[in-house]
Structures are given as structure tokens and as C-alpha cells.
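Naming convention: chains lettered A, B, ... in sequence-line order (proteins, then strands); numbering from 1 in each chain.
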Amino acid sequence: MADAQTTETMTTILAQHVGLEGPLLPILHAVQAELGFIPGDVVQMIADHLNITRAEVHGVITFYHDFRNAPAGKHIVKICRAEACQAVGANALSERAFEKLGVDWHGTTANGAVTLEPVYCLGLCACGPAAMVDGKVVGRVDHAKLDKILAEAGA
Amino acid sequence: MKIYVPLDSAALSLGANDVADAIVAHAKDNNLDVTVIRNGTRGMIWLEPLVEIETDQGRVGYGAVEASDVPALLDGTLDSLGLVEDLPWMKGQTRLTFQRCGVIDPLDLADYEAHGGLAGLRNAIAMTPAGIVEDVTASGLRGRGGAGFPTGIKWNTVLGAKADQKYIVCNADEGDSGTFADRMIMEGDPFTLIEGMIIAGLAVEATKGYVYLRSEYPDAIDMMEKAVVLARGAGILGADVLGSGRAFDMEIRVGAGAYVCGEETSLLNSLEGKRGVVRAKPPLPALEGFLGKPTVVNNVISLATVPVVLEKGAQHYADFGLGRSKGTIPIQIAGNVKFGGLYETAFGMPLGELVDTVAGGTLSGAPVKAVQVGGPLGAYMPRDKFDTPFGYEEFDGQGGLIGHAGLVVFDDATNMLGMARFAMEFCAVESCGKCTPCRIGAVRGVETIDRIGKGDADAIPLLEDLCETMKDGSLCALGGFTPYPVLSALHNFPDDFATQKEAAE
Ligand SMILES: Cc1cc2nc3c(=O)[nH]c(=O)nc-3n(C[C@H](O)[C@H](O)[C@H](O)COP(=O)(O)O)c2cc1C
Ligand code: SF4
Ligand code: FES
Ligand code: FES
């Protein structure tokens, strides 16, 4: 069972999405924006609200790369792995991030400061390598810029 | 003094907000009368942040500007690039779809109208639905999302379908590496997309629209949401579009990080709140699309080009281009290039001219090795194919595709076996899982390429075989076209596959 606070949050979110056609993705985005991830105990609440099975909600959550079922680190650093960024050194940049953080893709640093995610294109392909830090875009990320980003994030 | 500082996310990623803040602060400290306008980007990304100062002669450009340049910028001692309109990159283009991008404040409706905005919609309101469809068909406009299907013909199917509700769905999933035209226009001229969607609605008698916008584009999401609210407030969207008595309204929906959701049927499933699994066709989305209703699914650029077609006339648009590729195409130049950005030009420019002249060759200065055209499912073109003119049929004839018109340039330090491996890996990560050749084949593909890398020559025919199976047996182009980058790397750059073998022996 969800605690009282989560239940209240969920009631608000579900009420905000009444009347939408195809409301499940907007609901899941809202939950993740509010709670940082999609806790297992809200799945049934969403399922009941939309009159679908929890299997269906679970299936949707697991299909999409964006949704997480556990909290991320304090900051999320995404590094573009796609071709245009590879053409200007994205692979070496990722390697450096692995080394500095001591994690692989999807990993969170031991101190919980940074979660490292791959992303396949941020539309910054003419000023790569590209990265995104908590939703903010960064272009032409060289090793010095990366080190600065990671230091500021407390890694 | 009017100063333009772009808010396009490429400019933001290179410090445009710091520059804008510094301008405001410096002007305040020195009692200068300065108005900062945040525009979209002109598309010259290597010059971002590109600051423009309005003068009697026109807008003078400065770039790339850093916050520390601001005092010099404001006291007139910073070196300028001259008039932005006169820069070779701007002069060489034919800007139709992107005529306002970088010029206006993206959220200023008066500015939008002063630069030709809403003229197309006003013309459309005076026409019959069939008349609008005829014009779009006559313009020769083909879908810019990748497949190049004629937009007017698609609309005609939806117009002919009888239903109580029809939809316009804009595909703003733009997942292809090397492409950013959709993002650029949504951030730099969002009303154009809204206007195009309304015209589509009038043409097929749909009253509701959705933009399915990828979550990787938070700045574009924010801009589109603001623009929709403003358009609704101004009576452009709503129950009575510009007093026409006809209704059209729309919503922005955010994707969730799945490349395959750019495929139109997967996108519709996602929009309905389902897993983004590809649907078998038929039924066509035009007949049974969103929630089973007749639906136009079009790419951002296809829809954003409709206003200029209706504004300037179908013939004006169709007079540009080459063969069956009519009009202009916003080419996105990316990767290892000196001049990266967006270049809108009539179809027909040879690939080599785009790479060597427009893009100025590589940033590293090393020779160009390959150009991947059309995103992660596009072929790697070697230099001996550089005379291919930029057109749908022309690229098809060379075993390639133009897709969403992104060019990604690689220099000679690139290992093409590595790029082939990445193509298979990407397909494995992004497969929707519906069909076996893609779901299982992509993983086997990575393994097989690793075997080749370790020197196992027997794995080469296996890879060819696997690619044939994926081409023939996949339901959609993710599994079906991944063989393009893989086989083009193998066939055009055999040394990268052979060298590895010798090294291991
Ligand atoms: C795997 C895959 C990904 C696709 N991604 C996109 C995309 O991001 N944007 C897009 O407009 N079309 C994409 N398409 C093409 C769409 O299926 C569809 O053809 C297009 O949205 C139709 O619009 P258009 O006729 O205006 O091009 C993709 C297709 C496939 C197979
Ligand atoms: S080819 Fe791949 S992505 Fe396309 S339908 Fe089949 S499994 Fe899904
Ligand atoms: S490929 Fe990295 S931002 Fe597009
Ligand atoms: S219907 Fe989608 S894979 Fe068969």
C-alpha cells in the first residue's frame, strides 16, 4: 500500500488527467516528475483509475527508456552516444565518464550524486559531443567541460 | 538598440543565456537603451551564440559570442561578421519552410504575421477541403519524416474517410542522429507548425491535433506548449478558427525515450497509452489511426511546409527541386564538419558539394571517410558516391536513403566496423520486439560483427545472410533498414573489416 502522502499525490495527478484521450503516458510522466520514479505501489492505483490491468501498466512502464522503477541519483547526466556525436569523440567522452564515476551506463555513483544515462541524440548534432544535465543541454563537451559538470554535480 | 540572442537549444548549449544575461546587466550598469529579443537560430550552429544587432542597414552578426565579449559588443569594438543576410551560408539557401526561423521572436504573433505568418491559413479558410488537398498534392510535397510519401495523397485518403472524429498527428519524435530540423522550427517558429496542422485539419475535416514530441527536447516542448496557449488566446486555435466557423484545437504530448515511437503506428500506440509496438498495416493510419479513427500522421517539416505552399502557391513550391523531389529540403549538416547546421535548399545539390563546400570539410582537418545520410538506418556513403544529387530516387538508386535529411560526416580516423556494430547495437536497444528478425537478429548481428573483428572471416557471409533476413522479414524499417548502414560499411569499406582480421591472425 502506498503511504498517505503518495496516495494524496496520486489522487491529484489522476484528477488532473481526467478527460484526456490516451492519458497513461502523461500520467506516468507526471508521477515521475513528482516522485522521481514510478513506485510499484502506484501501479495498481493507475490501473484501477484507467480500468486496465496492472500488467498493462507495468508493460507500458517497462517498454519506455524514460521511466524508472527506482529513484535515480541526485543529478542525471545523459551523454549522447549517437553517430554524429561519435564522429566528434563521444566514445572517448563516455569512457572518461565511466572512469570518473566508477559506473557504467544506467549506474549511480556510490555517493548517490550522479546517475549516468546514455541518450541517442539530443538534436545538438552540429555542436557535439552533446550532454544533458538535469534537463539542461550542453554542447561541445570536451573532457574539461565533462570534468566540470561532474564536479559540480558532486560526483 | 535591438539585440537578438538566440534561444534555440543548440545556442543555449553553447552559453546563449549567459550572453543574454551579460548584455542585460552591462546595459543596466552603463545606462544603455537595449532591448534583448530572443530569436530562434539561423542555423549556423558553428557561430552560436550568434548575436545580432539591428542597424539601419539590417542585422549585423557577431559570433560565436561569449559573455566576456559583451562589453566590446556593446561599445562597438567587437569584430562583426557583417550583415547576417549577406553571409554566404544564408545567401546560398532558398528558405521557404524556415523563412522566419531565426528572424522573429518565436512567440510574438504580430511579428509572425508581419513576416507572412497566417497568410496560408487565411487562404485555406477561403477554400474547400478538396481544394486544399489539391493544392498540397500539386505542390509535390512529400513526407519529410523519411518515407517520402506524397502528403496530398495521404490527406486525400483521410478526407475521403467517413467518421465522427478525425485527427491530425504531428510526428515530432525526431530520433535520427544528425537531424534537428524539427527541433529548430519548433523552437524558432512554432506558429508555423501550428498553422500547418490547422490547415491539415481544415483539409481533411479533422478537429483535433496532437504533437508527439520526444522527451529529449525539453526546450522545444516548452516552446510548443507556450505557442499553443498563445494561439488559442488569439482565436487561431479553438472552436472558431480565425472566425471561420470551423474548429481545430491541439495538444502537445511527450514521448518517453523510445526511438521506434517515431514509426507512425508505434507512435499511435504510444499516444493511446500503450507499449510502442509497431502495428501491422493495413489498416493504414489514414483509415484507422489514433483510437481507430482516420488520422493524418505527418512529420513536423511536412506540416510546417504547408503554410508556405498555401501562402505562395503550389506552383511556386513545385518549381524548385529535381525530378520527383519537388521543393526545398532543410538539410542538416552534423558530425565532424567545419560548418554544421541547417541549410535549406532546393533538391538536387550533389552530396559532395554539401560536404566539401557547404560544410567546409571536416572540423579535424583530416580527409572525409564517409557520410551517413538519413539517420541511423541510412547508408554510409563513400567519396566515390559524392556526385549523387540530393533527391529521393537518386539516393535510392545508390543503395541509400535521404530519410529526414541529416548528413553525418566522419573523418578517416573512423573505424567502420565499429559503426556497423553500433548500428546493430542500436537496433537491439530500440527494437519494439514484435518480429523475430529484428528482435533476435540485432543481437546476433552484434555478436557476428564481433567475430569478424576478432578475425573470423567465416562470419562475413553469416552477417550478409543475417542482413538479408532482417531486410526481408522485418515488419518495419528499424529491423528492415538496419542492414543499410551495416552492409554499406562492409561493402564500401572492406579494409576496416579485413584489417581487423589480419591484425588478429
Ligand atoms: C523506426 C522508425 C522511426 C521513425 N522515426 C520517425 C521520426 O522520428 N519522425 C518522423 O517524422 N517519421 C519517422 N518515421 C517515419 C514514420 O513512420 C512516418 O513515415 C512519418 O511520420 C510520416 O510522415 P511524413 O509523410 O510527413 O513523412 C520513422 C519510421 C521508422 C520505421
Ligand atoms: S522491425 Fe523491429 S522495431 Fe520494427 S516491428 Fe519488427 S521488432 Fe518492431
Ligand atoms: S547525435 Fe548527439 S546530439 Fe544528435
Ligand atoms: S504486427 Fe507488429 S510485428 Fe507483427
Checklist line | Enclosure of A:His17 NE2 (heavy-atom neighbours >12, cutoff 6.0 Å) | finding: yes

Next item on the list: With rounding to the nearest 0.5 Å, note down the distance linking CG in A:Leu20 to OH in B:Tyr210.
Entry: 7.0 Å

Checklist line | Contact leader toward chain A among B:Ala413, B:Pro485, B:Pro376, B:Gly433, where contacts are heavy-atom pairs under 4.5 Å | finding: B:Pro376

Next item on the list: Among residues two or more places apart or on two chains, list those pairs meeting salt bridge (Lys or Arg N to Asp or Glu O under 4.0 Å) that have a residue in residues 23-40 of chain A.
Entry: none

Next item on the list: May I have all residue pairs that pass salt bridge (Lys or Arg N to Asp or Glu O under 4.0 Å) and include part of residues 363-373 of chain B, sequence neighbours excluded?
Entry: B:Lys369-B:Asp496

Margin query: At a 4.5 Å cut-off on heavy atoms, which part of B:Met184 comes close to chain A: side chain, backbone, both, or neither?
Written below: neither

Checklist line | Pairs of heavy atoms under 4.5 Å with chain B: top-ranked of A:Gly22, A:Ala90, A:Gly128, A:Cys125 | finding: A:Cys125

Item checked: Winner by heavy-atom pair count (cut-off under 4.5 Å) against chain A, out of B:Gly340, B:Ser215, B:Gly335, B:Gly15 -> B:Gly335

Margin query: Does anything in residues 269-276 of chain B reach chain A? List residues with heavy atoms under 4.5 Å apart, or say none.
Written below: B:Ser270, B:Leu271, B:Glu272, B:Gly273, B:Lys274, B:Arg275, B:Gly276

Margin query: A side-chain contact here means heavy atoms from C-beta on lying under 4.5 Å apart; do B:Ile333 and B:Val358 qualify?
Written below: yes

Item checked: Largest heavy-atom contact set with chain A, pairs under 4.5 Å, which of B:Val254, B:Leu12, B:Thr414, B:Val260 -> B:Val254

Check: When only pairs under 4.5 Å are counted, which of A:Asp66, A:Val141, A:Leu24, A:Leu124 shares the most heavy-atom pairs with chain B?
Finding: A:Asp66

Next item on the list: Please flag which part of B:Gln332 lies under 4.5 Å from any non-hydrogen atom of chain A: side chain, backbone, both or neither.
Entry: neither

Notebook entry, point to check: Just wondering, more than 12 heavy atoms not from B:Lys338 lying within 6.0 Å of its NZ?
Noted result: no

Check: Using non-hydrogen atoms only, which part of B:Phe339 is less than 4.5 Å away from chain A: side chain, backbone, both, or neither?
Finding: neither

Note to self: Can you see whether A:Glu21 engages B:Tyr167 through a side-chain donor-acceptor pair at a distance of less than 3.5 angstrom?
What the structure shows: yes

Check: Taking atom types as modelled, is there a side-chain donor on B:His404 or B:Asp182 under 3.5 Å from an acceptor on the other?
Finding: yes

N/O donor to acceptor pairs below 3.5 angstrom from side-chain atoms of residues 71-88 of chain A, sequence neighbours left out:
{"unit_1": "A:His75", "atom_1": "ND1", "unit_2": "A:Asp134", "atom_2": "OD2", "d": "2.6"}
{"unit_1": "A:Arg81", "atom_1": "NH1", "unit_2": "A:Tyr120", "atom_2": "OH", "d": "3.2"}
{"unit_1": "A:Arg81", "atom_1": "NH1", "unit_2": "B:Glu425", "atom_2": "OE2", "d": "3.1"}
{"unit_1": "A:Arg81", "atom_1": "NH2", "unit_2": "B:Glu425", "atom_2": "OE1", "d": "3.3"}
{"unit_1": "A:Arg81", "atom_1": "NH2", "unit_2": "B:Glu425", "atom_2": "OE2", "d": "3.3"}
{"unit_1": "A:Gln86", "atom_1": "NE2", "unit_2": "A:Arg81", "atom_2": "O", "d": "2.9"}

